[in-house]
Amino acid sequence: MGDPVPTVKFLGLTFNIANDISILLTCIIVFLFVFLLSRHLALKPKGGQNVLEWLIEFTNGIVKGSIKGNDASRFGLYAFTLFLFIFVANQLGLFLHIQVGQYTYVKSPTADPIVTLTLSFMTVALAHAAGVQKKGLKGYLKDYTSPFLVFLPINIFEQFTDFLTLGLRLFGNIFAGEMLLSKVATLATDSGSWFSYVYSFPIEFLWQGFSVFIGSVQAFVFVTLTSVYISQKVSPEE
Amino acid sequence: MLSHLILGASSSLYLGDMLFIAISFIILMALIAKVAWNPVTKMMGDRADKIANDIDSAKKSRQEATDLAEQRREALSHSRSEASDIVAEAKQSGEKQRTTIVADAQNEATQYKQNARKDIEQERQDALKNVQSDVADISVQIASKIIKKQLDPEGQQALINSYIEGLGKHES
């Protein structure tokens, strides 16, 4: 943390190689997890299928908690993928930090605000698109003046705060967790005495456990807020 | 490290990363949809349908079972009354048969008695007749012996008969 990041320029776009590798790794882990659990599907589920169905029920439950009616089923896949992606991304950096030279190539991709803000941007974009699709452009725009015209600036401002808080909350939690983990690791290695390993091991251990918890909660919170924002856009006016 | 976040410094905003995340996320979503989401949700839907169907058919079978039980109960009570009818009928016919048999037996017995009485009468008549002729013969023999005189049995028959008849009448 606080390290320089490896970047390349390609087609005029700047890429952070470390982020991209971590994201790719996260995607591969999520895909393999889902792929392996979804073998041998049967009407009477067993083993992996049970786990997968439990996860689907779980994310569907989150979505149905805020989005009412038939709209909920359309966002089930997005919520499911989002939850698994963020969950795996949060945990990735807790046990895997691959540093080559001065660059850290594999870490939690969600410890970078670019990644979390992109995820949050996707959610907000999806919510707005769903709103337009559901109510038409006129109905969608009319929502900004609800309950009455005076609220127009507040409503517009809210779109940006929603977007920023959603992304930065996730980033802050995971970034802080990783930062502290690497600080504890530095504490162990930098003092030069073997004794520092003795007391920093339980601290690292405890903080890793806590970070697993935080990572799971943040994945849950992100998906919950995603469905809340979508429901705000698609729900009929009261 | 966070200097690349300053919105003004757009050159250091990793647009490439954003695209990379978005595209890889969408690809991941598509793959999950193909590999797991669609088949699993379809399976879940199928299961929900199957359970609903099973509940319906269970309800139907229970209804059928109740109907059958009702029918059986009805048939049972029907057959019970039928059985009691049969028994009553049998009893009645038995009674009738008994009466006929008894009446027949009585008739027969009466007939036998009558026949017997007739036979006895016949016997008695025959015996009487025999006795009559014997008595006539013996009387004649006795008389012929007593009187030592040859009596003509044919000539005296009428007299003797009238005597014996008088004797029989007197007896009865």
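Below, read A as the first sequence line, B as the second, and so on, with proteins coming before strands; counting in each chain starts at 1.
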Exercise. Between the side chains of B:Glu121 and B:Gln125, is a donor N or O closer than 3.5 angstrom to an acceptor N or O?
Worked result: yes
Exercise. After noting the C-alpha distance and the side-chain angles of B:Asp67 and B:Gln71, does the key distance pass the side-chain hydrogen bond (donor to acceptor under 3.5 Å, both in side chains) rule?
Worked result: CA-CA 6 Å; B:Asp67 287 356; B:Gln71 268 175 23; over 6 Å; no
Exercise. Side chain, backbone, both or neither: which part of A:Phe85 has an atom under 4.5 Å from a heavy atom of chain B?
Worked result: side chain
Seminar exercise, completed: Residues A:Ala130 and A:Val234: closest non-hydrogen pair is CB-CG1, 3.6 Å
Exercise. Are A:Tyr229 and A:Ser66 linked by a side-chain donor-acceptor pair shorter than 3.5 Å?
Worked result: no
Problem set entry | Pair B:Asp56 + B:Lys60, salt bridge at N-O below 4.0 Å | no
Problem set entry | Contacting moiety of A:Ile28, where chain B heavy atoms sit under 4.5 Å | neither
Problem set entry | Check: A:Val63 and A:Phe80 side chains under 4.5 Å, non-hydrogen atoms | no
For this session: Answer with side chain, backbone, both or neither: which region of A:Leu77 has an atom nearer than 4.5 Å to a non-hydrogen atom of chain B?
Result: both
Exercise. Between B:Ile27 and chain A, which part of the residue has a heavy atom less than 4.5 Å away: side chain, backbone, both or neither?
Worked result: neither
Seminar exercise, completed: Comparing A:Met122, A:Glu57, A:Glu53 against chain B, the one with the most heavy-atom pairs below 4.5 Å turns out to be A:Glu53
For this session: Please look at A:Phe121 and chain B and tell me whether the side chain, the backbone, both or neither of the residue comes under 4.5 angstrom of a heavy atom of that chain.
Result: neither
Problem set entry | Most chain B-contacting option - heavy-atom pairs closer than 4.5 Å, from A:Leu52, A:Leu82, A:Leu84, A:Leu24 | A:Leu82
